[in-house]
Each structure stands twice: as structure tokens, then as C-alpha cells.
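The next block holds one structure in the form of C-alpha cells; read it before the comments.
These figures come from a predicted structure and were not determined experimentally. Because only heavy atoms are used, hydrogens play no part in the values below, and waters and symmetry mates are left out as well, while side chains stay in. So you know, we letter chains A, B, ... as the sequences are listed, proteins then strands, and number each from 1.
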Number of protein chains: 2
Amino acid sequence: MVNPTINDVARIANTSKSTVSRFLNGYTVKKETEEALKLAIQSLNYHPNVNARRLVKNHTQSIGIVVDDIANNFYSGIYRGIENVANLNGYQCTYYSRTSNYQGEFGFMDLAQERQVDGLILISFLKRSNELIKRIEELMTPVVLIGDTNSNDTIFSVDVDNELGISEVVRYLHRLGHEKIGYITGPDEFSATHWRRKGYEGALEDLGIKQNPSWIIASDWSESGGHKAMKELLDMNEITAVIASNDEMAIGALLCANELGYRVPSDISVVGFDDIPVAKWVYPPLTSVKQPFVEMGEKAAIGLIEKLNGEEIGTQSNRVLIKPNLVVRQSCRGL
Amino acid sequence: MVNPTINDVARIANTSKSTVSRFLNGYTVKKETEEALKLAIQSLNYHPNVNARRLVKNHTQSIGIVVDDIANNFYSGIYRGIENVANLNGYQCTYYSRTSNYQGEFGFMDLAQERQVDGLILISFLKRSNELIKRIEELMTPVVLIGDTNSNDTIFSVDVDNELGISEVVRYLHRLGHEKIGYITGPDEFSATHWRRKGYEGALEDLGIKQNPSWIIASDWSESGGHKAMKELLDMNEITAVIASNDEMAIGALLCANELGYRVPSDISVVGFDDIPVAKWVYPPLTSVKQPFVEMGEKAAIGLIEKLNGEEIGTQSNRVLIKPNLVVRQSCRGL
DNA sequence: GTGAAAGCGCTAACAG
DNA sequence: CTGTTAGCGCTTTCAC
């Protein structure tokens, strides 16, 4: 009825619980007690109580991954990256969804303080408050961030190099002969919005292209938002290309252009960001910027594990920005 | 340096640890000790050690959700459903990805036996082995299944009614005048493949439409697989409509038809299954069958929690099949 | 190699 | 309402 304990197996195997414990932890025991032990464990269907073990060891061998919304599939590649290196290092990954917690990422600080996990990876592409950052700094438990961080990089964090990504798009379009490039930007509360826009404006400036503020339309990441923004842009009748700061908006833009009788790319070029799977299925297949999710997850996990091992994080800085890749398909043409 | 314990707060608040424990657990204490306690907790930044608590209480107030691959975003709606009801009932959700464990769902039985969680929801759309089912039956810990189960329904499980879903598609197409309907089926190792196909064949039979086995092409859920299958179907030059058993294949079919100079829906009608977000963005917008993911998650969580509370699962059977919804868009036309 | 004993941080009688 | 006490199941000295 009640679960078997280490005492039960000790009794059955005719030995002491310390011996059972040692055996369970990989220390050598006399050949014959080993046999008896195996038999006892097997027959009792014994499984160690992980809570007892964690209590005495004071660590869990598990890392917690906290996401804004587990049902948002967007950054799933990150998970894979994290699992890869965590498992390689003997850590179990457990995922927590922030949706269920009204306190946002704050609520999950407790996970660490309550000793549910040894360390935390916080994934969010929303801007993070100074208050949150301060709380994390005060924490004894190692935490690494994916996405936004504070400006002075006191906490180890990784992100995609959004600025570079968009700036490469601008350069690409410029090489194709475009100079009149519209930009559909995302919501303010995301840090990526800021950096991507910076990439757009910075590249135009570097290239010596004159900018037109009315060619920047703010939107909301959604397909319908992109659609609406594109209409505004097209109505101006000035632009030869548009960069949407994510793929969904780019797809909306594509759809809008179609409906309005424009052909992509012959009448107007469109590029997106993220390279979601759909990007290659739409018509025309969308040129986009591929986010290096797996690598981001790996880097974050490596950073966390180094902290858990008490190692100084190598030569690298506290902020690692990973270069995304431009994926050229058929939604742009040379002028 | 070391984490504060209940003893530390007792000492500082000048009381005993039992009182601290009671306070922490919501029992009333004298007003003034309450004040002292709050102060002590605050100043020490005390957080209870959840492992100690779990050890003595012998339960965790958390349920484990095990998925094939956390990076597979497909069933994310299910998570939302589960979180909804779990949180309402005071349970924390923790997610585990099977990918990291070579033993498949088996490995996660341990989660329960090790007392890491109070109950488990296993999500997988692959067929499950009898061996797995037997292991689950023997387990003391409550487990509920989403997806496949065994035929005699000894374990509580929920799934979408795949058979009904496809059969409604067939009826819809039939109402439109189609009788020559091709079918692109999925891989055998998924239980949905079986039920959806059954829905296709059953509906044809019910409708008295003669079947043609060569109109059924096996594929692999992928867009490129759907593309290839569609080519075979189109080459026969006999069919007026095709049902793909998921949206990705349907999109491949759409793309293929386009390339081959067929127009959808005027030359050929296409319908998918799942209603993934993309379905409405492709051209023409794809008619599909919407999976009731949130509801599936909710039903599963309700079932689990009833078991955790030791309640008999009400009047309902051990197998709950949720009706999906046909979403009509523009990829089919009447003959 | 192995057993006895102490203790991880907490809860839950029990007696006051 | 509160303190004392005895564990929860495990690991880890310390002797032997």
C-alpha cells in the first residue's frame, strides 16, 4: 500500500540502509549484497523518494525553464537547445508557464528559493523591468536570461542579434537597388522591437539613404496588423520594398499586396523576420531572417551550468548576441 | 550564506518552529506573534524549503505533463487547458519533454514513483504499447492520457474524435456534390492515422459511395509528403476533391496543384485537418477541421484532479472523445 | 566493506 | 493559541 523505502529494501536484502544508499549512489558493495539488493529493489518495485534526497543534498539536479506562455510555440527551438546541454550535464529540465502566475516572472523566483530547482532560465522577449533585474541579482540561485536584460549586463543573458539581423536585410535590399524601404515595427513592450528598428534606421544611415519617418508603421506582430500597415504603406505609393519586423506581419503584407493588385516581388519586395515554417509555404516564398533558437538555448544552458558548477563564465561577456541568418527566397527582386 | 530555515525565523520571532509552521500554513496565531513572524520572515528573506515539506506531506501539489517533444508546438492549446483547471485547483504544472529521455514515456513513470509529482498527464499522439499501458495500470500514482489509449479503456483518456472529424469532411464534400474523393493518410505509428482513415472509409460507406483503394495515398504529415501524394492523385485524373489528414499535407497538396496548373477550388477541392494558424493564410484559405485542444486539456486535467481527490470519475466513461469543428473556408467548391 | 547514529527542514500529533 | 516531540526517507560522518 504505502511506498517502499530504503529501509524495506535493507531489511529484505539483509543489510543496513546505509549500504542500500551507497549502492544506489554507485559505490561498490560486496558482490553478493549487490545481488540481494537488486533482487529486493526489483521485488519491492522500489523507487527512491527524490524529495528526501533533495532535502539532504540540498540540490535537485534540475533546472527550471520559465516561459511567458508555454502554449506559445514560438521559441520552441530554444527548448531543444537547452535540453541538449542540460541532459549532457546530468540535469533534468522542468518547464513552467508564466501564464499561470499573475506575478509574471517574479513568481518564479520562488522556484529557486524554495529549492525546487538548482537554477533558472527565464525566457521572455518582453522588456524586463529594473525591479525584476534587481531581484534576480539578489538571488543566491543562478539565473540566466534569454531575451531582454538590463543595460549594464550584470546578469548573464543571451539573445539573437536583432539589430544585425534587420541591418543585413536593409543591406541586402540596398544591393538589390532599393532605397525606398518601408518598415513595419512591432509593439513597444518587446525589446526586439527596439533593436530591430535600430537595425533598420542604423543601416539606412550607414548606407547614406535618406529616411522618411512616415515609412515606419507601428503594428502588433499579427498577420492582420501587417495587412493593415501594408495598406497604409502602399497607399503612399512611394515605396519599393517593405521589411516587416516579423513573419506574421510580412505574411499579412503579402496578402494585402495581393488583394490590392500588387504583385510580389515584381511590384513590391517584402521581407520578414523569424523564418517561421510557413514562410516558405506562402506565395511567393518569403525572404526572412532565421532566428538561431537552438544555439540560443544551448548558450544559455552552458552559461547556467557553468554558474552551477561555480565556474567563472569564460572569456565571453555577460551578454551573448547570436547572429541570425538571412534566408533569401523569392519575395524580393532587383530594381 | 546558508538559507534561513523555519528555526531561524522562530528564534528571531521569539517563538517555536511549530508556530511558524502553523502561521505559514494559514492557521491563526496571536496577533502580535503574527507581526513578529512577518517581520522575521521578511528580514531573513525566508522561503520554505519545498523538499522538506513534500517529504513529510508526501505530496507535491503539482502535476507533471509529459510531452513527446516540448519543442513541438503542435498541441500547445492543450497546455492552456490543463493550466486553467490545474491552477484553479491549486496545483502547479510542470512540463517534461520526452525527447531528453531515451526511454520514452516509460522514463517518466519515475517522476511519479519518485514523488516529484502527484499525478501525470501523458500527451502523445503516437500509438501506445500494451506494455506501457500495463505499467501505468500498476502505478499507484494517477495518470491520465491524452491521445491514444488501450482498447478496453482501463485508463482515463481524452482525445479528439478523429473519426467523426474526417467523416464530417466527407459528408460536407458529398453535400457539395463530390463522390470521387482522394485521401492522403498519415504515418501508421500515430493513432490518429487509423481513426481518421476509418472516418473517411466509414463515411463513404454510409453514404453509399463506391471506394477506390488507389485513391488513398500514404504519406508522412509533411508539406513535401503532401505535395508528392497530391501529384500521384492528380496524375490519375479521376478525382474532384482530396482530403489530407493534416494541414501541412493539405498545404503541400495546394502547392502541388498550383504548380501543376490546377486551380483550387475550381479544378479540385482540398481540405485539411487541425486548422493550424497557417490554414487561413494560404491561397486559397484552407477548409479544415479545428482540433479542440483547450477543451482536451481541460477535460484531462479535470479527470486527473478527480483522481487525485479520490473521487470516482463521474458518470462519464473512461474515454472522452471531443468533437472537432469543421471550419469552412475557400478551398472547396460545389460541383 | 559495513552499521549506527545524527541530521536535512518541515509537519503533526499531543499535551498544556 | 503554543511548545515539545517524533518522525518523513534519505545521506553522511564515524567507528569498526
Side-chain angles (χ1 to χ4, degrees), chain A residues 1-38 40-41 44-62 110-118 140-141, chain B residues 1-38 40-41 44-62 110-118 140-141:
Chain A
M1 197 70 272
V2 73
N3 284 290
T5 76
I6 208 176
N7 284 304
D8 300 317
V9 354
R11 188 165 31 74
I12 295 202
N14 235 294
T15 179
S16 75
K17 61 178 187 168
S18 345
T19 302
V20 181
S21 173
R22 283 190 208 101
F23 170 66
L24 256 18
N25 286 284
Y27 295 88
T28 47
V29 298
K30 210 197 304 168
K31 196 71 189 164
E32 59 190 57
T33 50
E34 174 173 344
E35 294 310 323
L37 250 17
K38 279 182 178 163
I41 288 172
L44 284 168
N45 190 221
Y46 168 80
H47 286 262
N49 182 324
V50 86
N51 300 125
R53 189 202 305 252
R54 288 177 174 181
L55 174 57
V56 10
K57 290 220 163 198
N58 203 28
H59 68 249
T60 63
Q61 284 298 115
S62 88
D110 290 347
L111 251 23
Q113 310 205 40
E114 291 173 346
R115 242 56 40 78
Q116 287 203 52
V117 296
D118 294 346
M140 306 263 52
T141 314
Chain B
M1 197 67 275
V2 73
N3 285 289
T5 76
I6 206 176
N7 285 304
D8 300 317
V9 354
R11 189 166 29 74
I12 295 200
N14 234 295
T15 177
S16 75
K17 61 179 187 166
S18 350
T19 303
V20 182
S21 172
R22 283 189 208 102
F23 171 66
L24 256 20
N25 286 283
Y27 294 89
T28 47
V29 297
K30 211 197 301 169
K31 195 72 191 165
E32 60 191 54
T33 51
E34 174 170 346
E35 295 309 324
L37 249 17
K38 279 183 177 161
I41 287 172
L44 284 168
N45 189 223
Y46 168 79
H47 286 262
N49 182 323
V50 87
N51 300 126
R53 192 202 301 256
R54 288 177 173 181
L55 175 57
V56 10
K57 291 221 164 201
N58 203 28
H59 69 249
T60 63
Q61 283 300 113
S62 89
D110 290 349
L111 252 23
Q113 310 206 39
E114 291 172 348
R115 241 58 37 80
Q116 290 204 47
V117 296
D118 293 347
M140 308 263 49
T141 314

[N] [atom2] sits how many Å from [X] [atom1], rounded?
{"X": "A:L24", "N": "D:dG9", "atom1": "CG", "atom2": "P", "answer": "15 Å"}
{"X": "A:N49", "N": "C:dG9", "atom1": "CG", "atom2": "P", "answer": "17 Å"}
{"X": "A:K57", "N": "D:dT13", "atom1": "NZ", "atom2": "C1'", "answer": "14 Å"}
{"X": "B:Q116", "N": "D:dG9", "atom1": "CD", "atom2": "P", "answer": "17 Å"}
{"X": "B:H59", "N": "D:dC8", "atom1": "NE2", "atom2": "P", "answer": "17 Å"}
{"X": "B:L37", "N": "D:dG3", "atom1": "CG", "atom2": "C1'", "answer": "14 Å"}
{"X": "B:F23", "N": "C:dA12", "atom1": "CZ", "atom2": "P", "answer": "17 Å"}
{"X": "A:L55", "N": "C:dA6", "atom1": "CG", "atom2": "P", "answer": "18 Å"}

Is there a side-chain contact between [X] and [Y] (heavy atoms, below 4.5 Å)?
{"X": "A:I41", "Y": "A:F23", "value": "yes"}
{"X": "A:R115", "Y": "A:N58", "value": "yes"}
{"X": "B:N3", "Y": "B:H47", "value": "no"}
{"X": "B:Y46", "Y": "B:I12", "value": "no"}

From [options], nucleotide with atom closest to [X] side chain:
{"X": "B:V29", "options": "D:dC8, D:dT2, D:dC10", "answer": "D:dT2"}
{"X": "B:K30", "options": "C:dT2, D:dT11, D:dT2", "answer": "D:dT2"}
{"X": "A:K17", "options": "C:dC10, C:dA5, D:dG3", "answer": "C:dA5"}
{"X": "B:P48", "options": "C:dC10, D:dC10, D:dT11", "answer": "C:dC10"}

OP1 or OP2 of [N] under 4.0 Å from side-chain N/O of [X]:
{"X": "B:S16", "N": "D:dG3", "value": "yes"}
{"X": "A:S21", "N": "D:dC10", "value": "no"}
{"X": "A:T33", "N": "C:dG1", "value": "no"}
{"X": "A:T15", "N": "C:dG3", "value": "yes"}
{"X": "B:N25", "N": "C:dT11", "value": "yes"}

Under 4.0 angstrom, heavy atoms only, what part of the nucleic acid is [X] near: base, sugar-phosphate, or nothing?
{"X": "A:N58", "result": "nothing"}
{"X": "A:T19", "result": "sugar-phosphate"}
{"X": "A:N51", "result": "nothing"}

Is the base of [N] touched by the side chain of [X] through a donor-acceptor pair closer than 3.5 angstrom?
{"X": "A:R54", "N": "D:dG9", "value": "no"}
{"X": "B:S18", "N": "D:dT4", "value": "yes"}
{"X": "A:R22", "N": "C:dG3", "value": "yes"}

From OG1 (B:T141) to CD (B:E114), nearest 0.5 Å: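 The distance works out to 10.5 Å.
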So does B:N51 get a backbone contact from the side chain of A:N51, meaning a donor-acceptor N/O pair under 3.5 Å?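 Side chain of A:N51 to backbone of B:N51: no pair is present.
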